[in-house]
Chemist: 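Structure in structure tokens, see below.
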Amino acid sequence: MWRCGLSAGQLKAAITPARLLDETGRLVRGAPTPDAEALAEGYRKLVFARRLNEQAGALVRQGRLAVYPSSRGQEACQVACTSVLAEGDWLFPTYRDSAAIAARGVDPVEVLTLLRGDWHCGYDPNVHKVAPQATPLATQLLHAVGVGHAARLKGEDTVVMALCGDGATSEGDFHEACNFAAVFRAPVVFFVQNNKYAISVPLARQSVAPSLAAKAIGYGMPGVRVDGNDLPALEKVLGEAVARARAGDGPTLVEADTYRIESHTNADDASRYRADDEVTAWLPRDPLLRVRTYLTAIGALDDEREQDIAAAAEEMAAAVRAGVGAETVADPEEVFAHVYSTLTPQLAEQRAALRAELELEEA
Amino acid sequence: MWRCGLSAGQLKAAITPARLLDETGRLVRGAPTPDAEALAEGYRKLVFARRLNEQAGALVRQGRLAVYPSSRGQEACQVACTSVLAEGDWLFPTYRDSAAIAARGVDPVEVLTLLRGDWHCGYDPNVHKVAPQATPLATQLLHAVGVGHAARLKGEDTVVMALCGDGATSEGDFHEACNFAAVFRAPVVFFVQNNKYAISVPLARQSVAPSLAAKAIGYGMPGVRVDGNDLPALEKVLGEAVARARAGDGPTLVEADTYRIESHTNADDASRYRADDEVTAWLPRDPLLRVRTYLTAIGALDDEREQDIAAAAEEMAAAVRAGVGAETVADPEEVFAHVYSTLTPQLAEQRAALRAELELEEA
Amino acid sequence: MSAATKMTMAQAINAALRDAITEDDSVVVFGEDVAQLGGVFRVTDGLHREFGESRVFDTPLAESGIVGMAVGMAMNGMRPVVEMQFDAFAYPAFEQIVSHVAKLGNRTRGKVRLPIVIRVPYAGGIGGVEHHCDSSEAYYAHTPGLTVVAPATNADAYGLLREAIAGSDPVIFLEPKKHYFTKEEVDVSVPVPPIGRAVVRRPGADATLIAYGPSVPVALAAAEQAATEGRDLGVIDLRSIVPFDDETVCAEVRRTGRAVVVAEAPGFASVASEIAARVGERCFHHLEAPVRRVTGFDVPYPPPKLEHHFLPGVDRILDTVDTLQWEEDVA
Amino acid sequence: MSAATKMTMAQAINAALRDAITEDDSVVVFGEDVAQLGGVFRVTDGLHREFGESRVFDTPLAESGIVGMAVGMAMNGMRPVVEMQFDAFAYPAFEQIVSHVAKLGNRTRGKVRLPIVIRVPYAGGIGGVEHHCDSSEAYYAHTPGLTVVAPATNADAYGLLREAIAGSDPVIFLEPKKHYFTKEEVDVSVPVPPIGRAVVRRPGADATLIAYGPSVPVALAAAEQAATEGRDLGVIDLRSIVPFDDETVCAEVRRTGRAVVVAEAPGFASVASEIAARVGERCFHHLEAPVRRVTGFDVPYPPPKLEHHFLPGVDRILDTVDTLQWEEDVA
Ligand SMILES: Cc1ncc(C[n+]2csc(CCOP(=O)(O)OP(=O)(O)O)c2C)c(N)n1
Ligand SMILES: Cc1ncc(C[n+]2csc(CCOP(=O)(O)OP(=O)(O)O)c2C)c(N)n1
Ligand SMILES: [Mg+2]
Ligand SMILES: [Mg+2]
């Protein structure tokens, strides 16, 4: 019943990052030429993702968001993991994947709901097939497997993209999710954004394996490592994994080699645990820069288009400022409303007590 | 900081089971000749382990044990995992490893305490460096890592042998234990007795990896697969893993390819989920038979020695019968005594209440 | 025409699962050893054979995995009924249960509901070795968002499980394992009162015993015994812990003025504490005596040899009833 | 000569850790982000630099791993003090805590004791997003074998932590995170009463407020306010939930005849239920009114925008005190 062999090629793919565009924005020798128009559209999304990161950062500093974990430096991952999905596919994001959710089509203002300090995820998960952002690490990977397995049982060809970070791979739920998916041949792509840190803890403290993608071997599924700042490489690798899942060939573990440019969140101070020059060394690998250089070189991006993109991103940012800035009235009674599908007598009583208190205050 | 490379040899070791004696009791071509006297001693231990399994089975049928998970068919694993340990080393067994604990030197009557229906493990873990038998699957592997890591911090060269089954590898704690051990380079040998079943669930439902030992790759430690019914091969592989751990080179994952000949426990009925001929197919691979044939062929085992061993095993069995049969008076007040190192006022009160009840009953 | 037949609680649960799978395509049953083996208690016996791998299947051995997968399957339109093999083996799934199963409806403002039933063979009295007899209801009952159901009769085991599976919210379904093989007449065509409704199993004028799950028959036996001694004890079977039926409980206690809560779990910060606290709060002016609790001691579940000392039994209940400030005490 | 200095609770805990590591070679501190970063709340700030990797270290990101490793290290002679980053992130370790940390002493008849301290930054009031504000004490308090400590003052944070680390049994140490940055005078050379002893923080003749951890300052503020309104409320700070100081609590309540329990966790099957139940049981004949509870609602911890409605506050406490059947009501 062992289904997975182990070829030298598979091993190499799990350890050496795939790359299409190098750090200078040049096509790697022998790499297929990406479709210029699609890449330009990808570039637009990268710019949007970056702009969202910047805007959210600014809103935190103004006290309008409770917290924001930025994906700056990881925008290629954020864009690629959604652009490879079809409409009916599902995305399971973490707190760091706001830009990916927005790239999936969810209104960024809704995306930021939780981070504004609300108790709910803001959007309806069923509309865009995006799960609420998960905070308890790696737990959502199992939900992704469940959605995928249910789809298979129902004969649907849905694929599920499940995101997590390098730190989350240490949790038991990561293991159980990979294993369940492999055993049930669930149509799931596990996409690990290895940004080298879990808050302050560096990768070396999470794993001494040859790569995180190499963990796939232990589950009997393919593991692929990819340059996480190389949009076309990501789209190729993730696209293949999605196709494989859709074809009924089961899950894939994809590890993106990337870097968290900013602190863990605004509440964190990365200078306490990493040297500035480590960060600076990553700057030339900026995912936007790389695509931009390439597109410009092949003539697919000129100043005008660049300006159009920037203007549209500005518009989005303005909408975010307006939306997040708008005073929303939180109804204290709603705290009781959704705990069960019908209010229990206990909650009805407690809601009535709170209502009475509030009425007294108002009076 | 990636410490573990991946050579073709390492991969092969993780997938193809190592073997020294084949099923007909002949030395595999090119295998080193085992020390005859040591192997004869190993044979004695195998016979003891088998006898203990049989005796415990009988005691269950007589209602003297609450339950007994037999390691019949796995005796070579039970013997090897203790014979490679030094005195100060630790063993972390499961409910199925009674024979291994006895092989380690713990009085079998004490070993069976828990299975008699007592609440405590019977023996003092510190005396023989044997942890209580663990029931919640895979949890004990983390304790093993802790003991190992503490030893390392204290500069002691203790090695920890941590046992679990194939089913337990699916638990999150297995993953966390392997990873912690690898990251901290803890002196632990993870020894998975892959007996092909977790109660009724066959291996194919636990994993579709090329082997369970291959999981080691994902943690950056060596993984080795070994014929689990081949005592000298087990002692070699486990011995090397112990030496590696002792030398400060970190953990190893060893998978024994073996088979659970009996039902999960006496309460189970294996005929509900597996065909008899699967079991019969494994009988020729009996771990005792193999060593016996080899030893007899090289003249290291004659009828007299065989009889001596059998007689000694009978003596042990008689002692077990006597010990387990002896009526022990369980003191209800002891239920309160060890929950905390000093009785809380609440427990003192509850104990007093129970005492009053008992006195009333007696009166 | 009555369709009542004698069946064990295991059979009643089995019938509920079978009927639910038959009637609703979205019901799936999975867990450890539930398929081929039919569960270590045979509760799912025959279902795999009858409905096949797409409806009833074994999983890898990982409880967080089982519950986490159930969350995802429920998000995608299914009604998973999962089995935790024993009470203590649900603990690896605790984070999934508390942080997701209990909260997802709320986190999505009701946009995502999780019709998941987590079946937990629970409590003691079966001579089980350590980790096989925990009464873990307090952990769940304290967690907002979970419905916690504890049947005491075979008819309730059938009826409440059907309702749990058909409902929109996640349910922790506590099956008193010592009653798995107890036979009772069950007519599955007769509906039982809904989840949230307690039932007065025995009216009584002198004092009220409040129990659920495995303690209900014990409370009834105590009442039986008390009757022979001239004391008329009522017995309430809560049936569900969350929601809690304050109305039925308070009506009875206000009438009798005396109450004893009976539960097997260690008493400290338990469901029994809650019951005692709320009865004390709500019936204060009707109480002739403090609300007393007869619970397990605050120790890990004891070994088979000693469990009879631990389990609330008839004698301990009656001794406790005796302390309830009866007229004769005063006199 | 008093050595009192002003320090925050985070600093008091830091000092306790520093002093324990210094005085006892077997004390080790580990968890997520506790070393280089000094913890997300800076509670372990500077310890890694001062004592090095063998005494203070970061682990891989896995809470079951952290607690499970602590069990093993304690078996091998060490005194691990581990940090769970936030209350809800201790749940992955639940099985290790309940099935091992709490039980190993008992399972070995006392041959193996586990001097482990599990530090849990807990409860709300910090405007945290979901999963960052759970009051999880009931889960632990209900589990026999665990000692559950909840300091309310910085002096107690220091003193109780020192005692917890030096003791033989596992301790869940609940740090009210909203007080991490509150400054108070602390003289670490003055011993505090031992774990298990409650302290009357404010004597009061009319009614007794019973609280622990983050609710103690709220109860004191309520008492302060009540005083201005002519009502004399006493405040008990439990300091440890397990063991529980019945003596102090009952002495006070018997004197005042009225009690209100204040706690932040959802009330159902909670520590507050336990307190209300036992006070009701033990002080029945002295009670002029039912024991009332002011707790969190039975909902998942609400978002920053609404948490002030959820947290037991001065007004809600005083409103509840007002219901305690005062003479004027009767008149
Ligand atoms: C179970 C759990 N433990 C701890 C945390 C606290 N925490 C939030 S993010 C984080 C680091 C995660 O690192 P990684 O998985 O690499 O993702 P990244 O933040 O780098 O995207 C930690 C420890 C949590 N959210 N969940
Ligand atoms: C956490 C947990 N879940 C479930 C169980 C119930 N259980 C006991 S043994 C067993 C099968 C274990 O299989 P394996 O790990 O292969 O070991 P084996 O029994 O074959 O030696 C199960 C499911 C348990 N003990 N612990
Ligand atoms: Mg990271
Ligand atoms: Mg097995």
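Predicted model only: the values in this text are computed from it and were never measured. Chain naming here is simple, since letters A, B, ... match the order of the sequence lines and numbering starts at 1 in each.
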Chemist: Give the intermediate values and the outcome of ring-ring contact (aromatic ring centres under 6.0 Å, His included) for residues B/Phe92 and B/Phe191.
Modeler: CA-CA 10 Å; B/Phe92 276 79; B/Phe191 182 41; over 10 Å; no
Chemist: Can you name the closest pair of heavy atoms from B/Asp257 and B/Lys196 and give their distance?
Modeler: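 Residues B/Asp257 and B/Lys196, closest heavy atoms: OD1-NZ, 2.6 Å.
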Chemist: For the interface with chain C, which of B/Leu114, B/Leu115, B/Thr139 has the highest count of heavy-atom pairs at distances below 4.5 Å?
Modeler: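 It is B/Leu114.
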Chemist: Are B/Asn53 and B/Ser71 close enough that a side-chain donor and a side-chain acceptor fall under 3.5 Å?
Modeler: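 Per modelled atom types, B/Asn53 and B/Ser71 side chains form a pair under 3.5 Å.
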Chemist: Over all heavy atoms of both residues, which pair between C/Pro92 and C/Glu63 is shortest? Give the atoms and the distance, please.
Modeler: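 Taking C/Pro92 first and C/Glu63 second, the nearest heavy atoms are CG-OE1, 3.6 Å.
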Chemist: What part of B/Glu349 lies closer than 4.5 angstrom to a heavy atom of chain C: side chain, backbone, both or neither?
Modeler: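 Neither part, no heavy atoms under 4.5 Å.
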Chemist: Pick one of side chain, backbone, both or neither for C/His131, based on which atoms fall under 4.5 Å of a heavy atom in chain B.
Modeler: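 The side chain, not the backbone.
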Chemist: Closest heavy-atom contact between B/Val335 and C/Pro302?
Modeler: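 Heavy atoms of B/Val335 and C/Pro302 come nearest at CG2-CB, 4.0 Å.
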Chemist: Of the backbone (N, CA, C, O) and the side chain (C-beta and beyond), which part of C/Leu306 lies under 4.5 Å from a heavy atom of chain B, both, or neither?
Modeler: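 Side chain only.
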Chemist: Among the options B/Ala138, B/Gly167, B/Ala270, pick out the one with the most heavy-atom pairs lying under 4.5 Å from chain C.
Modeler: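 Heavy-atom pair counts peak at B/Gly167.
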Chemist: Of the backbone (N, CA, C, O) and the side chain (C-beta and beyond), which part of B/Ile199 lies under 4.5 Å from a heavy atom of chain C, both, or neither?
Modeler: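 Contact with chain C: backbone and side chain both.
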Chemist: Between B/Ala168, B/Pro136, B/Ala353, B/Ala66, which has the largest tally of heavy atom pairs under 4.5 Å with chain C?
Modeler: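 Greatest number of close heavy-atom pairs with chain C: B/Pro136.
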Chemist: Could you tell me which portion of C/Glu307 (side chain, backbone, both or neither) has an atom closer than 4.5 angstrom to a non-hydrogen atom of chain B?
Modeler: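 Nothing of C/Glu307, per the 4.5 Å heavy-atom cut-off to chain B.
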Chemist: Only pairs of heavy atoms separated by less than 4.5 Å count here; which of B/Ala198, B/Ala267, B/Pro332 has the most with chain C?
Modeler: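 Winner by heavy-atom pair count: B/Pro332.
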Chemist: Any donor-acceptor pair under 3.5 Å linking the side-chain atoms of B/Tyr273 with those of B/Asp268?
Modeler: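 Short answer, yes.
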Chemist: Identify which part of C/Phe89 has an atom lying under 4.5 Å from any heavy atom of chain B, answering side chain, backbone, both or neither.
Modeler: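 Only the side chain of C/Phe89 comes within 4.5 Å of chain B.
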Chemist: Pick from C/Val82, C/Asp33, C/Ile66: which one makes a side-chain contact (heavy atoms from CB on, under 4.5 Å) with C/Thr59?
Modeler: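 Of all the options given, the one that passes is C/Ile66.
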Chemist: Would you mind checking which part of B/Gln350 comes under 4.5 Å of any heavy atom in chain C, side chain (CB onward), backbone (N, CA, C, O), both or neither?
Modeler: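 Its backbone and side chain both get close to chain C.
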Chemist: Name the region of C/Val299, side chain, backbone, both or neither, that has any atom closer than 4.5 Å to a heavy atom of chain B.
Modeler: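 Contact with chain B is through both the backbone and side chain of C/Val299.
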Chemist: So B/Tyr95 and B/Leu137, side chain to side chain contact (heavy atoms under 4.5 Å, CB included) or not? Walk me through it.
Modeler: CA-CA 10 Å; B/Tyr95 51 88; B/Leu137 296 164; 3.6 Å; yes
Chemist: If I measure from the heavy atoms of chain C, does B/Val67 come under 4.5 Å with its side chain, its backbone, both, or neither?
Modeler: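 The answer is the side chain of B/Val67.
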Chemist: Between B/Asp173 and B/Leu141, is any pair of side-chain heavy atoms under 4.5 Å apart?
Modeler: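 SC-SC contact between B/Asp173 and B/Leu141 ruled out.
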Chemist: Looking at C/Val40, C/Val129, C/Asp58, which makes the most heavy-atom pairs under 4.5 Å with chain B?
Modeler: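 Most pairs with chain B among the choices: C/Asp58.
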